[in-house]
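Read through the structure below, which is laid out as structure tokens, and then see the notes.
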Amino acid sequence: MRKVYVVGVGMTKVGKHTEVSMRDLAAEAISNALDEVGNEKPEAIVVGNMLSSLVEQENLAALIADHAGLRGICGLKVEGACGSGGVAVLTGYLMVASGLYSKVLVVGVEKLLERPTPDTLRGLAYAADADYELIYGVSFAGLNALIMRYYMSKYNVKREELALWSVMMHQNGVKNPYAQLRNEITLETVLNSPVVADPIRLYDACPLSDGAAAIYLTNEDWKKLSDTPVLIAGVSNAVDSPDLSSRFSLDELFASRLSAENALRMAKLSVKDVDVAEIHDAYTITAAVSLESIGFAEKGKAAKLWSEGRFKPGDKPTINPSGGLKSRGHPVGATGVYQVAEVVMQLRGDFPGVLVPAEVGLTQNVGGVGSNVTTVLLKR
Amino acid sequence: MRKVYVVGVGMTKVGKHTEVSMRDLAAEAISNALDEVGNEKPEAIVVGNMLSSLVEQENLAALIADHAGLRGICGLKVEGACGSGGVAVLTGYLMVASGLYSKVLVVGVEKLLERPTPDTLRGLAYAADADYELIYGVSFAGLNALIMRYYMSKYNVKREELALWSVMMHQNGVKNPYAQLRNEITLETVLNSPVVADPIRLYDACPLSDGAAAIYLTNEDWKKLSDTPVLIAGVSNAVDSPDLSSRFSLDELFASRLSAENALRMAKLSVKDVDVAEIHDAYTITAAVSLESIGFAEKGKAAKLWSEGRFKPGDKPTINPSGGLKSRGHPVGATGVYQVAEVVMQLRGDFPGVLVPAEVGLTQNVGGVGSNVTTVLLKR
Amino acid sequence: MTTIQRIWRIKNILLRLISTRCLECGFIAYPPKASCPKCGSRKVVEEELPKVGEVLTYTVINVPLKGFEEFTPLIIGLIKLGDAKVLAELVDVKPEDVRIGMKVVATLRRSTKTLDGVIPYVLKFKPLTLKLNTTT
Amino acid sequence: MTTIQRIWRIKNILLRLISTRCLECGFIAYPPKASCPKCGSRKVVEEELPKVGEVLTYTVINVPLKGFEEFTPLIIGLIKLGDAKVLAELVDVKPEDVRIGMKVVATLRRSTKTLDGVIPYVLKFKPLTLKLNTTT
Ligand SMILES: [Zn+2]
Ligand SMILES: [Zn+2]
């Protein structure tokens, strides 16, 4: 299999971009990534997006490629709910690894703030089972709240312990110029915030976000486009049922575990080798079960570990120096691409926020409540 | 680059499947394909679909994989408007060619008859530019009608000549047990049918369809799963602007030409080598400009050729022995997979409709009005 | 805000709680699957679930999806019914009175309008009273 | 049935017909692009298109999209404006009187309601009369 390298990254600030169209947001991230490779024209583009249908636009690969001056190249959109960015990275990887393309642009883009909140929340619930779950009006927060209550009860985890995750994320995110929520918060901020879907409160959850991120992938011949190419040492995706009812387990993300195991095996690495990781903390509970499913913590112990100060800058692994979904934000189809771009910058040593000395990085992007999960291993 | 083979295909009848859910329709096509490979479990699934958002369901790869007993494998959905099936085939190809996966299932599925027609037509227009075209209420038929009038005027092509395409397609489709419209029609049927978007009449257009198709891809090691593996000798995709306004030309599909040229070059084949092809005749005009853009006819001459009897069974190339989109039907995200499945069966000699002696086959799936086009070359 | 076709198509599953049980490994799945999620076998048979069970976990949703404003706060439970689990709305109980382990029974109730404006009926779950208990 | 944000965002482009012209190769694009579709250059500048042009091709749509019922039959033209082309509705003309090559001029008209219920105004094109011709 041909080796695949990330030789350029580009991001927009995550936040509310009412004044910018989706195509312009994507073009901005693309320009930033192309700037890093001397504007070398890619041969293919992969777009990650989940919900452009809410504003009646599909065919995003053609729309964005053309807008960015790339008419005529190969293009397609990929979707895996909130894990769309992750599967976009996987698809870009396949393009280069196959030998069919040698220069590939992967761009994730999402605008969740285009429609009124109840409409957007309904759209996010398209990740669930429309026939058997959406019919009951359960929101995405509600599905995660079911997991959270089950987990807290089974492992006797305290509300306060989970809430500390958000405090830690805002401490990191405040230093990230691309982050959406750049303010420090306290435990009380979380515990006194409004209940969204009990036991999930507003500050347990990531914000609704607009944003776009791009990475430029090449093979051995073209890695010279960068002085600091970063190797994709492993990548793997796994799916689970969108419905929670038929899951094998409610306190482990089966697809997260499979995806991480496979990606680590491919990279010939162990979870102990990881210096820095960007994981998918859509809710504080998602952080806990993701850390445990990947293998960074024992079952039921993640929140205890972070309450004791683990996973902060200085620890190995440092988790979410970007501020994570909680503080950086979660433009769903773009998030998996942001994560890879951020870890690449960590490994290159030029991430403009909390910077961690690192040789090996991991990203994990989770679609649905763990129904479509992609893990990527990156190496300097 | 590893060679990639099609070792199994499966289809459902195209038509109105109100009584069957999208997941069951996809599972039926998957079962049929798995039957051909002794139920060998695939390692990954690619789902092609455009408009499941109209029924509030995304995350289709997880939903369909899980429903079909494939929980835990790699899965993602790809989209390229009406060319979604084509990009799904490309993505499946990349999975095997890269070496990351050796057994991959590609399934296209679409249910266009779930919502009232005005809603579905609006959804199909998501392939266009929502900001600058959909705002004027232009339908997909309307966009193609603009091309048709321009083409007829520029090349002095007669209404009757274009209409003969539909007659020919119904002659083929009547013998295809999977086809949606299995009745012979006359020139008068077309010329007297209601005007949808002048000059496009109802019988210039493909029907709205439900359907699912699957193909099973493997590498050299696993091609033994079939006695008659068919090689994917070439595959290429190209994009053009979704908007018609900024196109370089209105009478050629730029992306169709690029995609066909690249796929033929990759396969080291010429357009003259093609024995059988399934092309994207969403409208009679689409058939004409596609045939010309691929190189099967000179500019402005396609309708003249088929009026003289070319492209029928017995001619080289035979075009659309399935009946094409016009008669087989056009379940948009599935169409590109149907085309490949049909040509594979032609090359194996077991297509249950019009059967053509063939060694080399071509498929071309067109998204939008030529904005996302995938061409596949298949060899016995 | 589902569609009328959908409700019509799956009403039997929704109202009788039809699961699928694998004849190879015994795994039971709701919603029903075409093949077994555990072992992949296509040999699955339909099996009606009991209508009485207990709450495994629940949530109270204060921020509604479009279309569910009138049902807010919305109590959603994941309910153990025999060997299967079913996600559904909990009714006839105050949010603060729901408990993990609480016994509940299915009851026919109206849902929110479909995209086509039709009002579908679905199974929701209410606390099992002693009186009901003796009859089940 | 677009959104109000969208209309607000691009109203200047829609009402003044702002295209982009490439400073490298001269290609002019409407809708405006971030980079040149022909040569890929990012050096593009905004350029207002003329409001008078001629019909390159047209269609009359009898089967409306949801939301456009009241505008049916809907005449859509692809109009040559200087070196660019613009897709828009043709008004103040009977379907049977439209011709390729017909001279048309932009006029401000209301469109269909956005998803949020607001009525946006857009440019449509009507036949150019002699009187108008002398003033443009
Ligand atoms: Zn089983
Ligand atoms: Zn240029």
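In this text the structure is predicted, and so the values were computed from the model without any measurement.
Shown here is A/Lys158, whose NZ atom has no more than 12 heavy atoms of other residues, nucleotides or ligands within 6.0 Å. Annotation for C/Glu48: atom CD counts as buried by contact number, over 12 foreign heavy atoms lying within 6.0 Å. Annotation for A/Asn156: atom CG does not count as buried by contact number, only 12 or fewer foreign heavy atoms lying within 6.0 Å. With a 6.0 Å radius and a threshold of 12 heavy atoms from other residues, nucleotides or ligands, A/Lys301 has its NZ atom at or below the threshold. Heavy-atom contacts from other residues, nucleotides or ligands closer than 6.0 Å to OH of C/Tyr121 number 12 or fewer. Around the CD atom of A/Glu160, the shell of radius 6.0 Å holds more than 12 heavy atoms that belong to other residues, nucleotides or ligands. Residue C/Lys51 places its NZ atom among more than 12 non-hydrogen atoms of other residues, nucleotides or ligands, all under 6.0 Å distant.
Considering all non-hydrogen atoms of both residues, C/Ile61 and A/Ser139 come closest at CD1-N, 3.6 Å. Across A/Ser246 and C/Phe27, no two heavy atoms sit closer than the pair O-CZ, 3.5 Å.
Interface remark: A/Ser241 contributes side-chain atoms only to the contact with chain C (heavy atom separation under 4.5 Å). Only the side chain of C/Ile7 comes within contact range of chain A, with heavy atoms under 4.5 Å apart. Using a 4.5 Å cut-off between heavy atoms, A/Leu124 does not touch chain C at all. If you measure heavy-atom distances from C/Tyr58 to chain A, the contacts under 4.5 Å come from both the backbone and the side chain. Residue C/Val86 touches chain A through its backbone alone, counting heavy-atom pairs closer than 4.5 Å. With a threshold of 4.5 angstrom between heavy atoms, C/Ile75 does not approach chain A through any atom at all. Residue contact with chain C, scored on non-hydrogen atoms closer than 4.5 Å, involves the side chain of A/Asp129 exclusively. Using a 4.5 Å cut-off between heavy atoms, A/Ile200 does not touch chain C at all. Of the two parts of C/Ala88, the backbone and the side chain both hold a non-hydrogen atom closer than 4.5 Å to a non-hydrogen atom of chain A. With a 4.5 angstrom heavy-atom cutoff, C/Lys38 touches chain A via backbone and side-chain atoms both. Only the side chain of A/Ser153 comes within contact range of chain C, with at least one heavy atom under 4.5 Å from a heavy atom of that chain.
The structure places NZ of C/Lys66 at 10.5 Å from OG1 of A/Thr120, a figure rounded to the nearest 0.5 Å. With rounding to the nearest 0.5 Å, the separation of OH in A/Tyr136 from CZ in C/Phe68 is 10.0 Å.
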| task | Carefully, step by step, assess C/Leu87 and A/Asp243 under the rule side-chain contact (heavy atoms from CB on, under 4.5 Å). | result | CA-CA 9 Å; C/Leu87 182 141; A/Asp243 67 89; over 6 Å; no
Check the pair A/Lys154, C/Thr57 against side-chain contact (heavy atoms from CB on, under 4.5 Å), reporting the backbone distance first and the verdict last.
-> CA-CA 10 Å; A/Lys154 177 163 177 184; C/Thr57 178; over 6 Å; no
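Under a 3.5 Å cut-off, the side chain of C/Lys85 and the backbone N or O of A/Arg247 do form a donor-acceptor pair.
The most heavy-atom pairs under 4.5 Å with chain A, out of C/Ile13, C/Leu56, C/Ile28, come from C/Ile13. When each of A/Ile147, A/Val138, A/Asp240 is checked for heavy-atom pairs under 4.5 Å with chain C, A/Val138 comes out on top. Contact count versus chain A (heavy atoms, under 4.5 Å) is highest, among C/Ile79, C/Leu14, C/Val63, for C/Val63. Ranked by heavy-atom pairs under 4.5 Å with chain C, the list A/Ser245, A/Ala145, A/Gly142 is led by A/Ser245. Per-residue counts of heavy-atom pairs under 4.5 Å with chain C were compared for A/Val195, A/Asp131, A/Leu121; the largest is that of A/Asp131. Among C/Pro37, C/Ala29, C/Pro95, the residue with the largest count of heavy-atom pairs under 4.5 Å with chain A is C/Pro37. Between chain A and the residues C/Ile100, C/Leu65, C/Ile10, C/Leu74, the largest count of heavy-atom pairs under 4.5 Å involves C/Leu65.
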